[in-house]
Each structure stands twice: as C-alpha cells, then as structure tokens.
Trainee: 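This is the structure I have questions about; it appears just below.
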Amino acid sequence: QVQLAESGGGLVQAGGSLRLSCVASGIPFRAVSMGWSRQAPGKERELVGSITPASNTNYADFVKGRFTITRDNAKNTIYLQMNSLKPEDTAVYYCHWGRSYWGQGAQITVSS
C-alpha cells in the first residue's frame with residue numbers, strides 16, 4: 001500500500017522559512033522521482049518541483065532560488081525547504097509520486 005505523509009506545515013510571516021517533509025512507504029523510493037505540488041484556494045494545483053533518484057532537481061519559475069528539494073533515501077523522505085516566503089505561497093502543499101499517488105497535504109500560510 002502506497003503511503004505519502006507530509007509534515008511541517010504551518011503559519012509563517014513573509015520573508016520567513018519553513019521545511020516540509022514527506023515520508024514514503026510502499027514504493028521503490030530509491031528508484032523513483034518524487035514531486036511537490038501546491039494548490040491555493042480557488043486555483044488549480046501546480047507543480048512546485050521534482051527530484052530524481054540521483055537528486056537532480058527541477059523547479060517552477062515562481063520558486064526558483066527560494067525553494068529547494070532534497071531527498072534522504074535512507075529515510076524514504078523528501079524535503080521541501082522554503083525560504084523567502086511570500087503571501088502568494090500560501091497553499092496546501094502535496095508530495096507525490098507521479099500523478100497517481102499523493103500525500104494528504106500540508107497547509108502553508110504566509111502572512112504579510
């Protein structure tokens with residue numbers, strides 16, 4: 001059974017930082033790419049970035065230079081380090097494997 005569990009969400013002031021974690025189980029974690037996406041109220045879900053098994057990363061333009069995705073294969077965990085947060089980053093953030101398996105989401109709220 002595939003399970004993806006995010007943690008680390010919360011409320012932060014603009015300019016602050018947060019780190020999300022996502023622990024995966026039931027998947028061949030070391031061999032697969034993983035992604036982070038987000039969905040703001042009233043908006044479509046959008047891809048934030050992804051990380052390959054070799055830890056190569058890609059990011060959406062709106063987070064480049066501010067967000068960093070890393071992984072720890074020994075812990076079956078990926079991370080999303082978010083710096084210089086803006087109010088427009090407020091959203092529910094999801095980790096996912098492909099388009100079929102998603103975590104429950106973690107709320108990030110950035111106050112101005």
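Just so you know, residue 1 is the first one in the sequence shown, and it goes up from there. Bear in mind that the values here come from a model prediction, so they are computed numbers and not experimental data.
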Trainee: Whether the side chain of Thr90 engages the backbone of Glu88 through a donor-acceptor N/O pair (distance < 3.5 Å, no angle test) should be reported.
Mentor: no
Trainee: With a 4.0 Å cut-off, would you call Asp61 and Lys64 a salt bridge?
Mentor: yes
Trainee: Return the CD1 to CG distance between Ile78 and Asn73, rounded to the nearest 0.5 Å.
Mentor: 11.0 Å
Trainee: Any chance you could measure Ser17, atom OG, to Phe67, atom CZ, to the nearest 0.5 Å?
Mentor: 9.5 Å
Trainee: Please round to the nearest 0.5 Å and tell me the distance separating atom CZ of Arg45 and atom OH of Tyr94.
Mentor: 4.5 Å
Trainee: What's the shortest heavy-atom distance between Gly10 and Leu18, and which atoms?
Mentor: O-CD1, 4.0 Å
Trainee: Under 4.5 Å between side-chain heavy atoms, hopping through other hydrophobics if needed: is there a path connecting Val32 to Leu47?
Mentor: no
Trainee: Minimum heavy-atom separation for Ser84 to Asp89, with atom names?
Mentor: O-OD2, 4.4 Å
Trainee: Which heavy atom of Val2 sits nearest to which heavy atom of Trp97, and what is that distance?
Mentor: CG2-CZ3, 4.2 Å
Trainee: Look at the side-chain heavy atoms of Ile, Leu, Val, Met, Phe, Trp and Tyr, link any pair under 4.5 Å apart, and say whether Val92 and Leu11 land in one connected group.
Mentor: no
Trainee: Surrounding OH of Tyr59 (heavy atoms of other residues, nucleotides or ligands, distance under 6.0 Å), is the total greater than 12?
Mentor: yes
Trainee: Are Tyr79 and Arg19 linked by a side-chain donor-acceptor pair shorter than 3.5 Å?
Mentor: no
Trainee: I would like to know whether Ser33 and Ser50 meet side-chain contact (heavy atoms from CB on, under 4.5 Å); could you show each step before the answer?
Mentor: CA-CA 7 Å; Ser33 295; Ser50 61; 5.6 Å; no
Trainee: Taking all atoms of both residues into account, what is the closest heavy-atom pair of Pro87 and Ser112, and its distance?
Mentor: CG-CB, 3.8 Å
Trainee: Only one of Met82, Gln81, Lys86 passes side chain to side chain contact (heavy atoms under 4.5 Å, CB included) with Arg66; say which it is.
Mentor: Lys86
Trainee: Going hydrophobic residue to hydrophobic residue with side-chain gaps under 4.5 angstrom, can you get from Val23 over to Phe29?
Mentor: no
Trainee: As a test of understanding, state which of Glu44, Glu6, Glu46 forms a salt bridge (Lys or Arg N to Asp or Glu O under 4.0 Å) with Arg38.
Mentor: Glu46
Trainee: Checking side chain to side chain contact (heavy atoms under 4.5 Å, CB included) between Met34 and each of Ile69, Thr52, Ile27, which is the one that passes?
Mentor: Ile27
Trainee: I'd like to know if Val63 and Leu80 are part of one continuous hydrophobic network [Ile/Leu/Val/Met/Phe/Trp/Tyr, side-chain heavy atoms within less than 4.5 Å].
Mentor: yes
Trainee: State the OG1-CD1 distance between Thr70 and Ile51, to the nearest 0.5 angstrom.
Mentor: 6.0 Å
Trainee: Using the ring of each side chain (for Trp, its six-membered ring), is Trp102 parallel, tilted or perpendicular to His96, with breaks at 30° and 60°?
Mentor: parallel
Trainee: What residues, two or more places apart in sequence or in another chain, satisfy side chain to side chain donor-acceptor pair (under 3.5 Å) together with Asp72?
Mentor: none
Trainee: Assigning hydrophobic clusters by single linkage (Ile, Leu, Val, Met, Phe, Trp, Tyr; side-chain heavy-atom cutoff under 4.5 Å), is Leu4 placed with Val48?
Mentor: yes
Trainee: Using the test salt bridge (charged side-chain N to carboxylate O under 4.0 Å, His left out), find all partners of Lys43 that sit at least two apart in sequence or belong to another chain.
Mentor: none
Trainee: Locate the shortest heavy-atom distance separating Ser55 from Arg71; write the atom from each residue and the value.
Mentor: OG-CG, 3.4 Å
